[in-house]
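Just below is one structure, and these are the notes that go with it.
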Amino acid sequence: MALPPDVAGLEGFIYGRLEVPRDRTMGDFAFPAFSLAASLKEKPAEIARKVAAQLDPAQFSAAGPYINAVLSVSEIAAAVLPLIHGQGTAFGNQSVGEGKKIAIDYSSPNIAKPFGVGHLRSTAIGHSLYRIYEKLGYRPIGINHLGDWGTQFGKMIVAYRKWGRDDQLAKEPITYLYDLYVRFHAEEEKDPSLSEDARLWFKKLEDGDPEAVRLWTLFKEYSLTEFQRIYDILGITFDHYTGESFYNDRIEAVMDILRRAGLVTESQGAQVVELEPYGMPACLLKKADGATLYATRELAGIFYRYETFHFDRALYVVGASQQEHFKQVFKVIELLGEPYADKLVHVEFGWIKFKDQAMSTRKGNIIFLEDVIATAEEKAAKIIRDKNPGLPNLEATARMIALGAILFADLGVKKHKDVNFSWEEVLNFEGETGPYLQYTHARLSSLIRRYGRPIAEAVDFGLISSPEEKELLLHLYRFGQTVETAAERYEPNYIAEYLLELAAVFNRFYQRKDAEGKLVKIISDREDETGARMLLVAAVRSVLNEGLRLLGIPAPEEM
RNA sequence: GCCCCCGUAGCUCACCUGGAUAGAGCAUCUGCCUUCUAAGCAGAGGGUAGCAGGUUCGAGUCCUGCCGGGGGUACCA
């Protein structure tokens, strides 16, 4: 590799290769000389030695093949703190997305089924991506693509007509429908004719049969009320609730477009798009009986979204098990030659399992999100009564902590990994958890309350000099980069990891001790020093608060 | 069978897309509250990164094969 000819290029070349040494005593930044070895025909260590010899020894040094640089704490403080103080939670905002729209499909639960912890993953990741992209200047469009159409409603209708009772449905709609659904699958094993009935009833539903539509509407209304309650608890919102049924009257238009493009063929009585040349099974559009399928409605959804929003990108936050489905559907869009074919992204994630098994509504092997929230709330309330008995808003705070714990259980792990749901882990509020971040936020807030004065920007930065403060400042500085990376990779976990580190570094600073082992307090009778530290404290609180907001986790002031 | 994902400490996970001695948390053990919130902090033990090759100055990270787990594979979503 040759060196870039101009100096600006050289800067970029070096800047792009800077690293943060794992062992921080080596320096704050490091340039590994390996990349120059080939073009300069010298050993990396030799290059590092020669380069360092020409630089200010107070700041640069060679260590083996690395050129390490040390920055002055005060200088970093003077650069970073006024910036955060001035921008507040807008720190890290960007304009890369200015004027661009990003459609995000998330949560999308199936109606007539309870909202289980399994549904939380898409909801949490999608909502977080919504806020992350918004921070980068995009205009996000949150879409809840409710699973409110399909053969399963044939099953529900059959089950309800056979065993359902209106009074029971009114009492506890979702649980009741859930029981019926489980019962249907159990009975179906013994009596396969039920499957055929279900298929027929779904076809009737698509053809507008009044009885089928009546029941379906009933199920849907109860479900929406139920889901809305859950979303309110979670603080999750959508811009559009356009479920699969929304596209019913657009299906024929979609079929026309595909037919005109010559993509539709008939195979075993079904209408399909042949995808064999691309190493995929055919994409099924219509069953032999003429009823639509998931993919048909998905295609209609894509057209509609593009026509309505003219998105610059469309994300589908849906589990990895549907990977092939999206590959097929996206391929069909590509074959149509749509210009936005490469703007469609399946943001996939792993299963939430229970006792190493996939949670299945059918088998009744599912944990209700509400039960988890309630249990976590109880535990949080108990801890508060124990540790902070005078706390006002106990209930509200307990709920915040419960949500922090539950949401972080999902967002604290890289999305492609399967998560094994464990009560023990969700109910753990110590260590790398949501409540740990919330606790740190409460602690920071408490300091600011106690300080009781406005935070001043004009401080003596020379008073900020400890290694702990340096770590904090460098980490604060990386926030914007972290948000960017999270967006690029559709991975809120980067922010979660970042915040854990921020909290850990702060807590170390908070509890640091002097040479005699005595606690060095942030608020002391030395006014100038306290003022400088409080500017740092306020900055940490601001970034932590904003980071939690990006994850959709509430940030209590006290707990 | 074919395709995709995963495999790192007893357990749950990181390693910022190839860099220095693989890091955290949980659990276990030891310290630290006359309280700026101990839901915290400091410390100890704990590793053949599934296995075997390959690529190169350098591999947990890239490639190939194998083993183990999960998912998908035409009328479910």
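Bear in mind the structure is a predicted one, so any value in this text is a computation, not a measurement. Side chains are part of it too, since the values below use all heavy atoms of this structure and drop only hydrogens, waters and symmetry mates.
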Original post:
Hey, does A:Leu285 reach any base, or is it just sugar-phosphate, or nothing, if we go heavy atoms under 4.0 Å?
Top reply: nothing

**OP:** For the pair A:Thr397 (side chain) and A:Met559 (backbone), establish whether a donor and an acceptor sit closer than 3.5 Å, ignoring hydrogens and angles.
**Re:** no

**OP:** Look at all strands and tell whether A:Leu519 reaches a base, only sugar-phosphate, or nothing, counting heavy atoms closer than 4.0 Å.
**Re:** base

Original post:
Between A:Trp423 and A:Phe421, does the ring centre distance come in under 6.0 Å?
Top reply: yes

Original post:
Nearest to the side chain of A:Gln511, which nucleotide is it out of B:G40, B:G70, B:C32?
Top reply: B:G40

**OP:** Under 4.0 Å between any heavy atoms, over every strand shown, what does A:Gly150 touch: base, sugar-phosphate, or nothing? Just pick one.
**Re:** sugar-phosphate

Original post:
Do the side-chain N or O atoms of A:Tyr436 get closer than 4.0 angstrom to the phosphate oxygens (OP1, OP2) of B:C41?
Top reply: yes

Subject >> Cationic N near anionic O, under 4.0 Å, A:Lys203 to A:Glu206 >> reply: no

**OP:** Return no unless some side-chain N or O of A:Lys417 is found under 4.0 Å from OP1 or OP2 of B:A14.
**Re:** yes

**OP:** Kindly assign one of parallel, tilted or perpendicular to the pair A:Trp216 and A:Trp149, based on the angle between their ring planes and the thresholds 30° and 60°.
**Re:** perpendicular

**OP:** Taking atom C1' in both B:C16 and B:A9, compute the distance separating them and give it to the nearest angstrom.
**Re:** 22 Å

**OP:** Give a yes-or-no answer on whether the side chains of A:Tyr498 and A:Arg478 include a donor-acceptor pair shorter than 3.5 Å.
**Re:** no

Original post:
How far does the P atom of B:A20 sit from the matching atom of B:C15, given to the nearest Å?
Top reply: 14 Å

**OP:** Could you check which nucleotide pairs with B:G47 in any of the strands shown, counting Watson-Crick or G-U wobble with both distances under 3.5 Å?
**Re:** none

**OP:** Please work out if A:Val318 contacts a base, only the sugar-phosphate, or nothing of the nucleic acid, heavy-atom cut-off 4.0 Å.
**Re:** nothing

Subject >> Among B:A24, B:A77, B:C75, the nucleotide that comes nearest once only the side chain of A:Leu284 is considered >> reply: B:C75

Original post:
If the P atom of B:A24 is compared with that of B:A42, how far apart are they to the nearest Å?
Top reply: 10 Å

Original post:
Expressed in whole Å, how much space separates the C1' atoms belonging to B:C41 and B:A77?
Top reply: 49 Å

Original post:
Is B:U28 in the syn or the anti form, by the rule that syn lies within 90° of 0?
Top reply: anti

Original post:
Can you find a side chain N or O atom of A:Lys287 that sits less than 4.0 Å from OP1 or OP2 on B:C75?
Top reply: no

**OP:** Rounded to whole angstrom, note down the P distance from B:A27 over to B:C36.
**Re:** 25 Å

Subject >> For B:A14, the Watson-Crick or wobble partner whose two distances fall under 3.5 Å >> reply: none

Subject >> N-glycosidic conformation, B:C33 - syn within 90 degrees of 0, else anti >> reply: syn

Original post:
Does B:U55 have a Watson-Crick or wobble partner in any strand here, with both distances under 3.5 angstrom, and which is it?
Top reply: none

**OP:** Determine which nucleotide pairs with B:G40, using a 3.5 Å limit on both distances of a Watson-Crick or G-U wobble pair.
**Re:** B:C32

**OP:** Please state the P separation for the pair B:C2 and B:G60 - nearest whole angstrom.
**Re:** 30 Å

Original post:
Partner of B:A20 by Watson-Crick or G-U wobble geometry, both contacts under 3.5 Å, or none?
Top reply: none

**OP:** Verify the stacking flag for A:Tyr510 against B:C36: centroid separation must be under 5.5 angstrom and the ring planes must differ by under 30 degrees.
**Re:** yes

Original post:
Do the charged groups of A:Glu196 and A:Arg199 touch, with an N to O distance under 4.0 Å?
Top reply: yes

Original post:
Any side-chain N or O of A:Lys414 less than 4.0 Å from the OP1 or OP2 oxygen of B:C6?
Top reply: no

Original post:
Taking the C1' atom of each, how far is B:U48 from B:A22, in whole Å?
Top reply: 13 Å

Original post:
Can you tell which of B:G70, B:U12, B:C15 lies closest to the side chain of A:Tyr494?
Top reply: B:C15

Subject >> hbond_proxy A:Ser321 side chain to B:A77 base (donor-acceptor, 3.5 Å cutoff) >> reply: no

Original post:
Using a cut-off of 4.0 Å on non-hydrogen atoms, how would the nucleic acid contact of A:Gln438 be classed: base, sugar-phosphate, or nothing?
Top reply: nothing

**OP:** Classify the nucleic acid contact of A:Phe429 as base, sugar-phosphate or nothing, counting any heavy atom under 4.0 Å across all strands shown.
**Re:** base

Original post:
So what does A:Met559 hit on the nucleic acid, given a heavy-atom distance under 4.0 Å: a base, only sugar-phosphate, or nothing?
Top reply: base

Original post:
With a non-hydrogen cut-off below 4.0 angstrom, is A:Ala320 in contact with a base, only sugar-phosphate, or nothing?
Top reply: nothing

Subject >> N-O pairing of A:Asp386 and A:Lys382 below 4.0 Å >> reply: no

Original post:
Checking only heavy atoms, does the side chain of A:Gln323 share a donor-acceptor pair with the base of B:G72 at less than 3.5 Å?
Top reply: no

Original post:
Taking only N and O in the side chain of A:Arg297, is any of them less than 4.0 Å away from OP1 or OP2 of B:A77?
Top reply: yes

**OP:** For A:Glu557, answer base if it contacts any base atom (sugar-phosphate contacts may also be present), sugar-phosphate if it contacts only those atoms, and nothing otherwise; contact means non-hydrogen atoms under 4.0 Å.
**Re:** base

Original post:
Looking across every strand, which nucleic acid part, if any, lies under 4.0 Å from A:Ile523 by heavy atom: base, sugar-phosphate, or nothing?
Top reply: base

**OP:** Taking only the side-chain heavy atoms of A:Thr485 (C-beta and beyond), determine which of B:C36, B:A77, B:C16 contains the nearest atom.
**Re:** B:C16

Original post:
Think A:Arg489 has a side-chain N or O under 4.0 angstrom from the OP1 or OP2 of B:C16?
Top reply: no

Original post:
In whole Å, what separates the C1' atom of B:G23 from that of B:A14?
Top reply: 7 Å

Original post:
How is A:Val413 classified with respect to the nucleic acid when contacts are heavy atoms under 4.0 Å: base, sugar-phosphate, or nothing?
Top reply: sugar-phosphate

Original post:
Between B:A77, B:U12, B:G70, which one does the side chain of A:Glu244 approach most closely?
Top reply: B:A77

Original post:
So, A:Glu558 versus A:Ser445: side-chain donor-acceptor pair below 3.5 Å or not?
Top reply: no

Original post:
Does A:Arg183 come within less than 4.0 Å of A:Glu187, counting only side-chain N to carboxylate O?
Top reply: yes

Original post:
Which part of the nucleic acid, if any, lies within contact of A:Asn68, taking any heavy atom under 4.0 Å across all strands shown: a base, the sugar-phosphate backbone alone, or nothing?
Top reply: base

Subject >> Touch class at under 4.0 angstrom, heavy-atom based, for A:Gln322 against every strand present >> reply: base

**OP:** Provide the Watson-Crick or G-U wobble partner of B:A9, both distances under 3.5 Å; none if there is no partner.
**Re:** none

**OP:** Give A:Lys155 one of three labels, base, sugar-phosphate or nothing, depending on what nucleic acid heavy atoms sit under 4.0 Å from its own.
**Re:** nothing

Original post:
Taking atom P of B:G71 as reference, at what distance in whole Å does atom CZ of A:Arg121 sit?
Top reply: 16 Å

Subject >> Contact under 4.0 Å: A:Arg443 side-chain N or O vs B:C36 OP1/OP2 >> reply: no

